[in-house]
J.: 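After the structure tokens below, expect a handful of questions from me.
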Amino acid sequence: MIDELLAQFLIEGREQALEASADLAALQRAPHDAARLDSCFRAIHTLKGSADLLGLKPLGRVLHVAEDRLGALRGGTEATPDFTRLVAVVDQVERWLDALEATGVLPADADAVADRLLAVLGSVDGGAPGPVAGRDSAAPFAGKAGIAIRYTPRADCYFAGDDPIAIISGVPDLVELRVDLREPIDDQALYDPFTCNLVIQALSTADWSLVEASLRLVRDQVELTQQARAPVEPAPVEPATPIEADAGRRTLRIDAARIDQLADITDQLVVAKSGFGDLAAQADRLEGGQGLGSALRARQVELDRLVASLHATVGRARLTPLTPLFGRFPRLVREIAAGLGKTVSLDVEGGDVEVDKAVVDGLFEPLLHVVRNAVDHGVEAEAIRLAAGKPAQAVVKLAARAVGDQVVVEVTDDGGGVDPARIRARALSRGLIDETAASVLSDADLIDLIFQPGFSTADTVSNVSGRGVGMDAVRSATAKLGGRVEVASQLGRGSTIRLILPIRMVLARLLVVAAGHELFGLMLEDIVEVTRVSANQVVAVRAGHAFVLRDEVVPLVWLEQTVGGVAGSVSAVDRVVVAKFNGERVGFAVDAVKDRIDAVVRPMSGLLSGAAGVVGSTLTADGDVLLVLNLAELLA
């Protein structure tokens, strides 16, 4: 039972720590934001209750005082809020969560660390009310067996998001329930509907562990007593507030591995159903088989629709918000900046953008490299910033936005920017380019050299960077996710590293063509038409060829030649695939058009990762690998 609770705590605890961290970051900018203060209080309160339930005493002690501090801020008894101390608490909570996930226990120095944090936090008078002393929680149910519960909600529990009646209704196997006033109400006084004045007593016949688990979030407000006397069969008492039987089933936590397995099966189904076209063609060639071929094609249309719907549904199920990923960076930025002697704040936007789980899982490492470089290389030392008229505290912004079927993740700093001249000098000194090549490179081409393996502009090696490993890994990791990296920089004003990635894996409609002895897939969205062109329609134009299509001169290239093969013969031209890029048509001569299929295109990995002109690969119904080409890149 404890292992299950710990696993659940690690999931929910990270979400609550993330929420508290985001709220504190907002409160540092707007200290009087009541909504953010209430949200942070709820997150800390929930974390504390869970920590108490699991017996994580150092964690519970720190969170209890942090909750008191937030309560004092909400009550107005602390006029000058200092959120830096609370940020340190949340950072430490995240470190303890990391340790719990790795080892299942808190580190050996947890008590000492907690003592140091408590010394920084101080104490706040008027903390949370505990259970009423000297009261016997079992008294109302004397002579009855079970677990007697006395639940005294905090006076401000409504502001923490607690519903005491709903909480007690969630206790399993309730057989008795009694709700009383904690303090008598003076009829002459103004009634305060926002203050909870209840004492709830109940009796449950469930196991102790189940009762305790159901009250884990308010465990500090509950007294439990095991009654072992002879049971007296009572009449069941209906909960004060009815709860829908299926209210808790509207959402369901599923192991991510199961979704991944379902996605793999769906992808295999996409490949398998592509074979129906070949079966229909074989049936047509049989004597009297045209009827069977037509029936197979009709079934294929319906199967195509169902598989496409299934693939889209599984794709949506795999979408997850970027918030948990982005939430890992504020603490990292504070730690990196502190190690470099800099003051840097991190602004985060767009965490609610949802992206395929595989993209989220693979994005942390490249983002970490980019953020490290922004803090180390991008942000200047405080003296340099002040001399340039900038504030001493630098700002790094991590943002995401959805653009069509892609997500754009940007890391922007307000530092010194990228100096192309410095990059040119460093690349020459390291032998990455020669003088001839350097003389013809544009500023954009020079900036692109930061992605070369072994390149670094750092003058010294630090714990953060300077070893020539980083930006090349960013480009490689992004390419493996099916994306690309762009850089925009202004000298003296800062830089933006932009990662452009697919939101989810979608079914691509491909035209399968033959070029030489190989088959290739072409994205149908790039193709305008497929036409026949005879040899006498092809004319030489300077070093190339062209043909006339409905009074328009269209350049002609051989697909086999563009992928590294030999040039085709004009006399052999027959089938031409016409594509359109930037308003201009281009014809690609192919040997044959084989099929049109729906496929799941996977990014290339290994030696072909990031290869120009290759979108990715997919499998044919026969199990062969089919390279999918990017026609625009082939012409670049």
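It should be emphasised that the depicted structure is a prediction, and the values quoted were computed from it without experimental measurement. Along the sequence shown, residues carry numbers from 1. All values below were derived from every heavy atom in this structure, side-chain atoms included, with hydrogens, water molecules and symmetry-related copies excluded.
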J.: Are the side chains of I597 and L511 in contact, using a 4.5 Å heavy-atom criterion?
T.: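 No, every pair of side-chain atoms sits at 4.5 Å or beyond.
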
J.: If you round to the nearest 0.5 Å, how far is OG1 of T412 from CD of E349?
T.: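 Between E349 CD and T412 OG1, I get 9.5 Å after rounding to 0.5 Å.
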
J.: So do the side chains of L117 and Q92 get within less than 4.5 Å of each other, counting heavy atoms only?
T.: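 Side chain of L117 against side chain of Q92, heavy atoms only: contact under 4.5 Å found.
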
J.: Quick one, V355 and L322 - any side-chain contact, counting heavy atoms below 4.5 Å?
T.: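 Counting from C-beta outward, V355 and L322 do come under 4.5 Å.
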
J.: Out of V113, L56, D91, which residue meets the side-chain contact (heavy atoms from CB on, under 4.5 Å) rule with W96?
T.: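 By the side-chain contact (heavy atoms from CB on, under 4.5 Å) criterion, W96 pairs with just one of V113, L56, D91: V113.
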
J.: How long is the straight-line distance from CD1 of I11 back to CG of L97, given to the nearest 0.5 Å?
T.: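 The distance works out to 12.0 Å.
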
J.: With rounding to the nearest 0.5 angstrom, report the CD to OG distance, E19 to S39.
T.: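 Going from CD on E19 over to OG on S39, the span is 3.5 Å.
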
J.: Calculate, to the nearest 0.5 Å, the distance between atoms NZ and CG belonging to K48 and L217 respectively.
T.: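 Result: 11.0 Å between the selected atoms.
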
J.: Heavy atoms, side chains only, cut-off 4.5 Å: are L340 and D376 in contact?
T.: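 L340 reaches D376 side chain to side chain.
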
J.: State, to 0.1 Å, how close L118 and V62 come at their nearest heavy-atom pair, and which atoms those are.
T.: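 Closest approach of L118 to V62, heavy atoms only: CD2-CA, 4.0 Å.
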
J.: Walk me through it: do L73 and F83 pass the test side chain to side chain contact (heavy atoms under 4.5 Å, CB included)?
T.: CA-CA 10 Å; L73 291 171; F83 294 107; 3.7 Å; yes

J.: Can you name the residues that form a side chain to side chain donor-acceptor pair (under 3.5 Å) with E380, not counting sequence neighbours?
T.: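 E380 satisfies side chain to side chain donor-acceptor pair (under 3.5 Å) with R385, K390 only.
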
J.: Atom CG in L325, atom OG1 in T320: separation rounded to 0.5 Å?
T.: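 Rounded to the nearest 0.5 Å, the CG-OG1 separation comes out at 9.5 Å.
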
J.: Would you call V403 and I500 a side-chain contact if the rule is heavy atoms closer than 4.5 Å?
T.: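 V403 does not reach I500 side chain to side chain.
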
J.: Considering residues, nucleotides and ligands other than R328, do more than 12 of their heavy atoms fall under 6.0 Å from its CZ?
T.: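 Counting neighbours around CZ of R328, 12 or fewer heavy atoms of other residues, nucleotides or ligands fall under 6.0 Å, so no.
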
J.: Apply ring pair (Phe, Tyr, Trp, His ring centres under 6.0 Å) to F9 and list each qualifying residue two or more places apart in sequence or on a separate chain.
T.: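 Applying ring pair (Phe, Tyr, Trp, His ring centres under 6.0 Å) to F9 gives none.
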
J.: Answer yes or no: are there more than 12 heavy-atom neighbours, outside E335 itself, under 6.0 Å from its atom CD?
T.: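 Yes, the 6.0 Å shell around CD holds more than 12 heavy atoms from other groups.
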
J.: Determine whether a donor-acceptor pair (N or O, by modelled atom type, separation under 3.5 Å) exists between the side chain of T343 and the backbone of Q393.
T.: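 The answer is no, because no donor-acceptor pair under 3.5 Å joins these two groups.
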
J.: Quick one: closest heavy-atom pair of P366 and V474, and the distance?
T.: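 For P366 versus V474, the nearest heavy atoms are O-CG2, 3.5 Å.
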
J.: Look at atom CZ of R95 and say whether more than 12 heavy atoms of other residues, nucleotides or ligands are closer to it than 6.0 Å.
T.: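 Yes - once you tally the heavy atoms of other residues, nucleotides and ligands closer than 6.0 Å, there are more than 12.
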
J.: Evaluate the ring planes of F588 and F581, with Trp represented by its six-membered ring, and classify them as parallel (under 30°), tilted (30 to 60°) or perpendicular (over 60°).
T.: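 It falls in the perpendicular class, over 60°.
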
J.: With a 4.0 Å cut-off, would you call D98 and R14 a salt bridge?
T.: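 Yes, D98 and R14 are salt-bridged.
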
J.: Thinking salt bridges, do R29 and D347 make one under a 4.0 Å N-O criterion?
T.: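 Judged by the 4.0 Å cut-off on N to carboxylate O distance, R29 and D347 do form a salt bridge.
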
J.: One thing to verify: whether K397 and D414 come together as a salt bridge, which I'm taking to mean a side-chain N less than 4.0 angstrom from a carboxylate O.
T.: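 No, no charged N to carboxylate O under 4.0 Å.
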
J.: Can you find a heavy atom in the side chain of Q28 that is under 4.5 Å from one in the side chain of V87?
T.: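 Side-chain contact under 4.5 Å: yes.
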
J.: When you check the gap from the basic side-chain N to the acidic O, do R316 and E354 get nearer than 4.0 Å?
T.: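 Answer for the salt bridge query: no.
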
J.: State whether D526 and K580 are salt-bridged, where the test is any N-O pair (Lys NZ or Arg NE/NH1/NH2 against Asp/Glu carboxylate O) under 4.0 Å.
T.: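 Salt bridge between D526 and K580, a charged N being under 4.0 Å from a carboxylate O: no.
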
J.: Does a side-chain heavy-atom distance below 4.5 Å link T496 with V487?
T.: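 The answer is no, as the side chains (C-beta and beyond) never meet within the 4.5 Å cut-off.
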
J.: How many angstroms lie between atom CZ of R258 and atom CG of D260, to the nearest 0.5 angstrom?
T.: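 If we round to the nearest 0.5 Å, R258:CZ and D260:CG are 12.5 Å apart.
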
J.: Does a salt bridge link R475 with E486, judged by any charged N lying under 4.0 Å from a carboxylate O?
T.: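 Looking at E486 together with R475, the answer is no, because their closest N to O distance does not fall below 4.0 Å.
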
J.: Is any side-chain N of the basic residue among R42 and E67 closer than 4.0 Å to the acidic one's carboxylate O?
T.: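 No, R42 and E67 are not salt-bridged.
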
J.: Test your reading of the model: is there a side-chain donor-acceptor pair from T103 to the backbone of L100, 3.5 Å cut-off?
T.: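 Answer holds: no.
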
J.: Under a plain distance cut-off of 3.5 Å, with no hydrogens placed, do S495 and D413 share a side-chain donor-acceptor pair?
T.: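 Note: D413 and S495 side chains miss the donor-acceptor criterion.
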
J.: Does Q261 CD have over 12 foreign heavy atoms under 6.0 Å away?
T.: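 Atom CD in Q261 is not packed in, count stays at 12 or less.
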
J.: Against V375, only a single residue in L332, L346, V344 fulfils side-chain contact (heavy atoms from CB on, under 4.5 Å); can you say which?
T.: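 With V375 as partner, L332, L346, V344 yield a single side-chain contact (heavy atoms from CB on, under 4.5 Å), made by V344.
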
J.: Can you list the steps and then say if L367 with L398 is a side chain to side chain contact (heavy atoms under 4.5 Å, CB included)?
T.: CA-CA 9 Å; L367 266 185; L398 173 60; 4.0 Å; yes

J.: Quick one: closest heavy-atom pair of S21 and R334, and the distance?
T.: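 Looking at all heavy atoms of both residues, the closest pair is OG-NH2, 4.5 Å.
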
J.: If you define the side chain from C-beta out and look only at heavy atoms, does anything of L59 sit under 4.5 Å from L63?
T.: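 Touching, per the 4.5 Å side-chain cut-off.
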
J.: Report the residues that fulfil side chain to side chain donor-acceptor pair (under 3.5 Å) with D115, sequence neighbours left out, ordered by chain and then residue number.
T.: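 With sequence neighbours excluded, D115 shows a side chain to side chain donor-acceptor pair (under 3.5 Å) to R61, given in chain and number order.
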
J.: What pair of heavy atoms forms the shortest contact from V411 to A374, and how long is it?
T.: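 Minimum heavy-atom separation between V411 and A374: CG1-CB, 4.1 Å.
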
J.: Ring centres of F329 and F364 under 6.0 Å apart?
T.: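 Distance test on ring centres: under 6.0 Å, yes.
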
J.: Start with the C-alpha gap between L619 and D624, add the side-chain angles, then the distance that decides, and say whether side chain to side chain contact (heavy atoms under 4.5 Å, CB included) holds.
T.: CA-CA 6 Å; L619 293 177; D624 297 328; over 6 Å; no

J.: So, for L6 and G104, which heavy atoms are closest and what is the spacing to 0.1 Å?
T.: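 That closest heavy-atom pairing would be CD2-O, 3.9 Å.
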
